[in-house]
Number of protein chains: 2
Amino acid sequence: MSSTRRAETFPASTPAAAQIFTTVLSHGPLTRLEVARRAGLSPAAVTKAVRPLIEAGYLVEEADEPARPALGRPANQVRVDGGRALFIGVKATGDEIIGVLTDLCCRIHVARHTPLPDREPKAVLASVAELVGELLGEAGDLGVPVLGLGIAVSGDVDRGAGVVRYSPFLEWRDVPLAELAATTTGLPVAVDNDVRALTVAEQWFGAGVGLSDFAVVTVGAGIGCGLVVHGRVVAGAHGVAGEIGHVTVDPAGPPCHCGNRGCVEAIAGDAAIVRRIRETTGLEVAGTAEAVALAHQGNAGAREAYARAGDAIGRGIATVANLLGPERVIISGEGLAAHDPFAEQIRDAFAAAAFGSADRCDVQTRPLPFEEWARGAAATAIQSFIRADDQR
Amino acid sequence: MSSTRRAETFPASTPAAAQIFTTVLSHGPLTRLEVARRAGLSPAAVTKAVRPLIEAGYLVEEADEPARPALGRPANQVRVDGGRALFIGVKATGDEIIGVLTDLCCRIHVARHTPLPDREPKAVLASVAELVGELLGEAGDLGVPVLGLGIAVSGDVDRGAGVVRYSPFLEWRDVPLAELAATTTGLPVAVDNDVRALTVAEQWFGAGVGLSDFAVVTVGAGIGCGLVVHGRVVAGAHGVAGEIGHVTVDPAGPPCHCGNRGCVEAIAGDAAIVRRIRETTGLEVAGTAEAVALAHQGNAGAREAYARAGDAIGRGIATVANLLGPERVIISGEGLAAHDPFAEQIRDAFAAAAFGSADRCDVQTRPLPFEEWARGAAATAIQSFIRADDQR
DNA sequence: TTCTTTTATTGACGGCGGAAAATAATGGCC
DNA sequence: GGCCATTATTTTCCGCCGTCAATAAAAGAA
């Protein structure tokens with residue numbers, strides 16, 4: 001199939017050129033002058049950097065110029081041609097693989113998911129290859145080349161080496177996933193931790209655009225956190241960071257699988273909430289869906305459990321805000337959109353526990369559809385293709 | 001006095017040159033080849049950058065070459081000439097001003113402190129000017145020029161603007177301290193938060209040398225924290241960061257002046273420890289010195305209070321480690337050196353509460369003599385003089 | 001002495017980004 | 001319509017920085 005097709009490379013030789021491209025990518029259509037101001041470069045430098053990018057088709061001149069000035073020569077806006085290239089993002093959980101086909105602007109064109117019968121690296125790799133094959137087929141129909149594959153896995157991932165150091169859900173240790181996937185798919189592969197991947201997506205295409213310091217908190221089975229400091233996603237000295245789930249909220253709280261008590265996750269994780277409702281109401285709650293339904297019906301025990309969870313998350317976020325002073329915290333989770341009381345509780349607890357930063361830190365809540373995880377993986381693939389490791 | 005003396009400027013025009021200098025500054029004498037490797041530059045670039053620095057007297061060729069290779073031309077090591085320039089660092093607390101005269105390598109030559117009669121900006125400025133005047137006199141005796149003044153203040157400080165936004169201890173709001181001190185002393189002035197200043201000193205001259213991710217935790221009247229992420233000191237989006245003192249350790253704990261309960265500072269701050277000992281033993285403990293003495297004598301109540309405090313600090317540090325994955329945490333405080341059980345308790349609590357990072361995060365304890373705060377201020381002055389904002 | 005080995009320096013080269021000037025594209029004004 | 005003011009973009013030229021390749025330097029070994 002792919003045979004000896006040479007991997008296409010991005011024509012941005014210098015860091016400045018990459019920065020110019022990412023500026024346009026994140027901040028929509030911009031005139032060259034606006035790009036120059038944002039990137040802190042001279043207009044001439046922008047002109048020179050933009051030309052090869054237009055010639056290669058990654059940037060295009062915007063056809064209509066809506067924002068023309070009252071006076072003077074009208075500006076020509078430039079934007080990224082999303083249709084120029086496609087990327088595939090894959091998120092592997094313990095029992096499912098989610099894959100999306102996105103364009104260069106990280107807009108999802110196709111989403112697929114398949115169950116995962118076996119967690120062995122080989123079996124997972126085979127499933128990933130199959131899913132990628134299907135998505136490549138879709139891409140072939142569109143006649144647009146796929147330039148990269150991103151894979152997101154929860155756990156301890158060495159992004160630079162493309163190795164999954166340790167993934168509890170998959171029960172993997174030191175799996176050189178990037179290399180393996182590259183040989184089976186023939187695509188350039190980027191591998192990263194799932195929450196960090198999601199954070200990259202927010203940084204470049206979401207609510208973190210233009211911010212140099214923000215946090216993404218994911219609420220679901222586990223509680224995760226991606227941090228952006230100084231315009232770069234924090235990976236920690238050893239690849240582990242953002243473990244907000246195991247921040248202690250109440251030393252007398254319920255035991256956590258990590259060995260401590262009262263971790264955020266032990267109070268606000270899906271399983272913890274279900275367990276709490278069972279304990280306080282005596283009802284046989286099967287799962288999260290039922291717990292949410294109970295809370296919506298006004299069941300006191302369920303509401304209390306969610307209030308407790310919201311409180312724990314709010315405290316956890318306040319801890320992040322106190323330590324890092326982010327400009328914004330983006331809370332995202334499956335249940336959040338449908339479940340406002342939860343979010344409100346988070347806000348209240350945050351406001352109470354945040355020391356000096358509460359009024360200066362914007363807390364946003366946004367839903368997290370399951371494809372969003374895979375989109376994050378695609379974002380890392382795009383980032384890796386552009387080869388721009390830091391940006392504002 | 002100083003009249004129209006032009007401020008001396010550092011002859012490192014490019015970021016690369018500044019990086020080369022800071023590499024030599026932090027990593028002691030190095031051969032040009034070693035510098036090139038560390039800085040990721042060609043040997044030729046190092047040669048060219050080093051020459052003007054030697055001509056200006058900031059670098060010198062090391063006289064004796066101890067590390068000569070078995071074979072080949074012996075290497076010429078280069079080091080920073082500390083005696084080339086002096087800097088003054090000043091730390092202002094609520095009731096005292098501490099000043100040090102350091103050389104370019106941030107070694108303390110003279111330390112002075114004077115009580116602070118009044119907290120009004122004008123009065124503080126006058127005291128600072130007097131102290132600086134004395135230290136300038138000492139510098140004049142040495143015949144070495146003083147090239148900068150750094151002032152460290154606790155609270156919310158905008159380093160870039162040189163403005164103290166809000167300092168609770170001094171009861172200041174929006175005081176343009178850098179500008180004021182520059183006009184009264186005639187020196188270039190850098191102003192920063194005290195804990196961040198201390199962190200810069202550790203990063204360049206202390207236990208953080210060579211690390212891109214570490215934390216400094218100060219234990220005393222308050223509990224502070226300076227963070228280095230991606231090789232840069234974290235200031236947060238709004239100038240507030242590192243508020244580890246108000247991380248909640250126990251929601252049912254004692255009330256804190258910040259309005260919450262069970263903050264680290266409300267358990268492990270000096271005042272909290274003294275109060276705890278009073279409550280549990282009924283003894284009239286006057287201050288920290290007495291509390292420490294009681295603990296050393298084996299008084300059960302005092303030991304319990306310190307154990308509690310150590311536990312709280314350890315948990316707070318674990319939170320930092322879980323979130324940021326630093327390579328090292330440097331705990332520094334006045335009482336620490338004399339007070340090992342405290343430190344041990346911190347370690348234990350950290351090891352228990354740190355999720356996955358405990359075994360990979362090095363926890364160091366080091367004493368914090370009172371001049372160390374002022375030395376941090378001098379470090380920011382040096383950094384500001386070199387004009388290198390980030391480094392590894 | 002001469003060769004080998006390692007370090008440091010030199011000089012040519014290329015590329016990038018900035019400054020300034022030129023060019024382009026409009027609307028307004030006479 | 002011609003001219004001018006205004007703003008955007010491009011061109012041209014220039015300086016500077018860092019790399020490359022070659023060379024010098026400073027030993028010990030043969």
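Since the structure is predicted, the reported quantities are computational estimates derived from the model, not experimental observations. The sequence lines fix the lettering, A, B, ..., with proteins before strands; numbering per chain opens at 1.
Here the nucleotide nearest the side chain of A/Leu71, chosen from C/dT6, D/dT6, D/dA8, is D/dT6. Taking every side-chain heavy atom of A/Leu33 into account, D/dT9 is the closest of C/dA8, D/dG18, D/dT9. Each of D/dT9, D/dT19, C/dT7 was ranked by its minimum atom distance to the side chain of A/Asn76; first place goes to D/dT9. In this structure, of D/dT19, D/dA26, D/dT7, it is D/dT19 that holds the atom nearest to the side chain of B/Ala45. The side chain of B/Leu41 sits closest to D/dG18 out of D/dG18, C/dT9, D/dT10. Side-chain proximity of A/Thr14 to D/dG18, C/dG17, C/dA8: nearest is C/dG17.
Contact check for B/Leu59 versus B/Val80: side-chain heavy atoms found under the 4.5 Å cut-off. Taking 4.5 Å as the limit, every side-chain heavy atom of B/Ile88 sits out of range of all side-chain heavy atoms of B/Thr185. Side chains of A/Leu324 and B/Leu324 form a contact here, defined as non-hydrogen atoms less than 4.5 Å apart.
Annotation: side chain to side chain donor-acceptor pair (under 3.5 Å) contacts of B/Arg79 (sequence neighbours excluded): B/Glu62. For B/Asp81, the side chain to side chain donor-acceptor pair (under 3.5 Å) test picks out no residue, with sequence neighbours left out. By the ring pair (Phe, Tyr, Trp, His ring centres under 6.0 Å) test, A/Phe214 pairs with no residue at all, sequence neighbours left out. Residues that satisfy the side-chain contact (heavy atoms from CB on, under 4.5 Å) test with B/Ala190, not counting sequence neighbours, are B/Thr380, B/Ser384.
Salt bridge absent: B/Glu202 and B/Arg328 never bring a charged side-chain N and a carboxylate O closer than 4.0 Å.
The aromatic rings of A/Phe21 and A/Phe10 lie perpendicular to each other, with more than 60° between the two planes, well past the 30° mark.
One donor-acceptor pair, N or O on each side, does fall under 3.5 Å between the base of C/dT7 and the side chain of B/Arg73.
What separates CZ of A/Arg32 from P of D/dT11 is a distance of 10 Å, to the nearest Å. A straight line from CD of B/Glu34 to C1' of C/dT6 spans 13 Å, rounded to a whole angstrom. In this structure, the CD atom of B/Gln77 is 9 Å from the P atom of C/dA8, given to the nearest Å.
Note that the two end axes of the helix from C/dT1-D/dA30 to C/dC30-D/dG1 enclose an angle of 30°, each drawn from 5 base pairs, rounded to 10 degrees.
Looking at heavy-atom distances under 4.0 Å, A/Ala44 makes contact with a base.
Within residues 46-54 of chain B, the residues approached by DNA chain D to less than 4.0 Å at the level of any non-hydrogen atom are B/Lys48, in residue-number order.
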